[in-house]
There are 2 protein chains.
Amino acid sequence: MPAAPVDQPEHRSGPLLDHLARRMRIRSESVLTPLGLRPRHLVALTVLRDAGGISQRDLAGTLQLDGTNVVGLLNDLEAAGLVERRRSAEDRRRHVVELTEHGATRLNEAECALAVAEDDVLGALEAGERETLYTLLRRASAGAAGSCAQAVADGADACGEAATDEVDSAGNC
Amino acid sequence: MPAAPVDQPEHRSGPLLDHLARRMRIRSESVLTPLGLRPRHLVALTVLRDAGGISQRDLAGTLQLDGTNVVGLLNDLEAAGLVERRRSAEDRRRHVVELTEHGATRLNEAECALAVAEDDVLGALEAGERETLYTLLRRASAGAAGSCAQAVADGADACGEAATDEVDSAGNC
DNA sequence: GTAGATGGTTTGTGAAGCACCAACCATTTA
DNA sequence: TAAATGGTTGGTGCTTCACAAACCATCTAC
């Protein structure tokens with residue numbers, strides 16, 4: 001073997017992300033079940049809290065989920081009163097989706113409950129590191145939100161911000 | 001509404017991890033297909049590179065995957081010559097699984113190819129931040145590896161280290 | 001040495017998550 | 001008025017799993 005110029009080993013986060021997400025999801029499931037939620041509900045709620053009132057189409061884009069399946073997901077959440085569909089004033093075809101107050105509270109409760117799962121999966125990291133991780137994930141998530149590339153292609157301009165507003169839901173465990 | 005004592009909003013990485021992993025997986029799929037790999041193969045290969053020669057049982061534990069399904073996964077990888085099953089000398093029931101040289105090379109190629117997907121999903125982060133993210137994920141992954149809790153329960157002592165050895169596969173894109 | 005536990009394998013079965021298609025209504029835009 | 005668009009419903013099918021059952025090889029304990 002030609003002993004290859006060993007310099008810059010690739011550092012891809014993808015597989016690690018995948019791996020940890022899976023571990024976390026498995027742990028989370030048992031914690032979430034008593035609350036009547038599934039991991040994907042949490043994902044949707046989290047996205048909705050960050051994204052404010054967006055259309056289902058945009059939500060589908062952010063979630064990278066087929067539109068028809070978003071309908072079902074939202075049906076669940078709306079039936080539980082965690083989310084609200086309102087017709088948009090500007091375009092009455094659109095549904096503006098938003099967290100209800102109950103939804104925000106419930107999301108917060110769920111996050112508290114998830115502490116156990118997180119301790120388990122992220123146990124090797126100290127508090128400060130976990131916070132760093134959270135910040136990075138959140139930034140990445142916000143940045144990738146509507147997929148800028150696509151937004152640009154559409155001639156839209158939803159790229160610049162969407163990043164750093166305060167999380168303001170009730171924060172008591 | 002009672003305006004709740006807004007202090008410590010929960011910062012749970014779980015849902016974000018889930019969200020980003022999904023986005024990444026979707027992006028990765030198209031990049032990986034030409035290489036005849038699936039995202040979950042990459043996860044397994046990555047884990048195997050880090051974990052060295054471990055038994056299938058331990059691999060199943062790390063992957064949190066049912067043993068019977070690990071068999072199928074390894075069948076794929078072995079058929080492609082990326083992985084090798086050897087009978088353990090100490091316990092001939094056990095199969096010691098290890099990356100072949102070809103497997104390491106292929107993993108590296110795949111990681112190079114994944115740059116595109118990563119740029120796409122992690123676009124909001126700069127190079128330094130991505131490296132930080134990678135480091136954190138890797139540490140978390142290594143720490144959670146065999147699930148320390150379980151290892152302790154078994155009376156084993158595989159908790160302390162497993163963290164920071166150099167990645168040493170051929171690193172040329 | 002024999003019994004029972006353990007690691008691995010095969011062959012199912014079934015559930016969940018999801019993409020995709022088709023048809024449909026309400027609304028907006030051309 | 002004719003597309004195009006956002007949302008909804010219902011259906012099909014694929015993939016990824018968990019779980020069960022039956023089996024072989026091997027190890028451990030009695």
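Order of the sequence lines sets the chain letters (A, B, ...), proteins ahead of strands, with each chain counted from 1. A quick note: this is a predicted structure, and the numbers were derived from the prediction, not measured. Only this structure's heavy atoms are used, side chains among them; waters, hydrogens and symmetry mates stay out.
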Pairing of [X] and [Y] as salt bridge, 4.0 angstrom limit:
X	Y	value
A/Glu29	A/Arg38	no
A/Arg138	A/Asp50	yes
A/Glu129	B/Arg139	yes
B/Glu98	B/Arg49	no
B/Arg94	B/Asp58	no

Checklist entry - Using a cut-off of less than 4.0 Å, is there contact between a side-chain N or O of A/Asn75 and OP1 or OP2 of D/dG7? => result no

Next on the checklist: With a 4.0 Å cutoff (strictly under), does any side-chain N or O of B/Arg57 reach OP1 or OP2 of C/dG7?
Outcome noted: yes

Next on the checklist: I need the single residue from A/Arg86, A/Arg85, A/Gln56 that forms a side chain to side chain donor-acceptor pair (under 3.5 Å) with A/His95. Which is it?
Outcome noted: A/Gln56

Roughly, in whole Å, what's the span from [atom1] in [X] to [atom2] in [N]?
X	N	atom1	atom2	answer
A/Asp76	C/dC18	CG	C1'	14 Å
A/Leu37	C/dG17	CG	P	13 Å
A/Leu73	C/dA19	CG	P	11 Å
A/Arg25	C/dA16	CZ	P	15 Å
B/His95	C/dT10	NE2	C1'	14 Å
B/Arg86	C/dG7	CZ	P	18 Å

Next on the checklist: Each nucleotide in nucleotides 25-30 of chain D should get exactly one letter: B, S or -. Can you fill that in based on protein heavy atoms under 4.0 Å?
Outcome noted: BBS---

Next on the checklist: Counting primed atoms plus P, OP1 and OP2 as sugar-phosphate and everything else as base, spell out the protein contacts along nucleotides 11-17 of chain D at 4.0 Å heavy-atom distance: B, S or - for each nucleotide, 5' to 3'.
Outcome noted: ----SSS

Item to check | Stepwise salt bridge (Lys or Arg N to Asp or Glu O under 4.0 Å) test for A/Arg27 and A/Asp119 | outcome: CA-CA 10 Å; A/Arg27 282 294 193 218; A/Asp119 281 348; over 6 Å; no

Checklist entry - Do any N or O atoms from the side chain of B/Arg12 and from the backbone of A/Cys112 form a donor-acceptor pair under 3.5 angstrom? => result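 Answer holds: no.
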
Checklist entry - From the list D/dG7, C/dT9, D/dT8, which nucleotide is the closest neighbour of the side chain of B/Val71? => result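 It is C/dT9.
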
Checklist entry - So, for B/Ala110 and B/Leu32, which heavy atoms are closest and what is the spacing to 0.1 Å? => result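 Reported closest heavy-atom pair: CB-CD1, 4.3 Å.
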
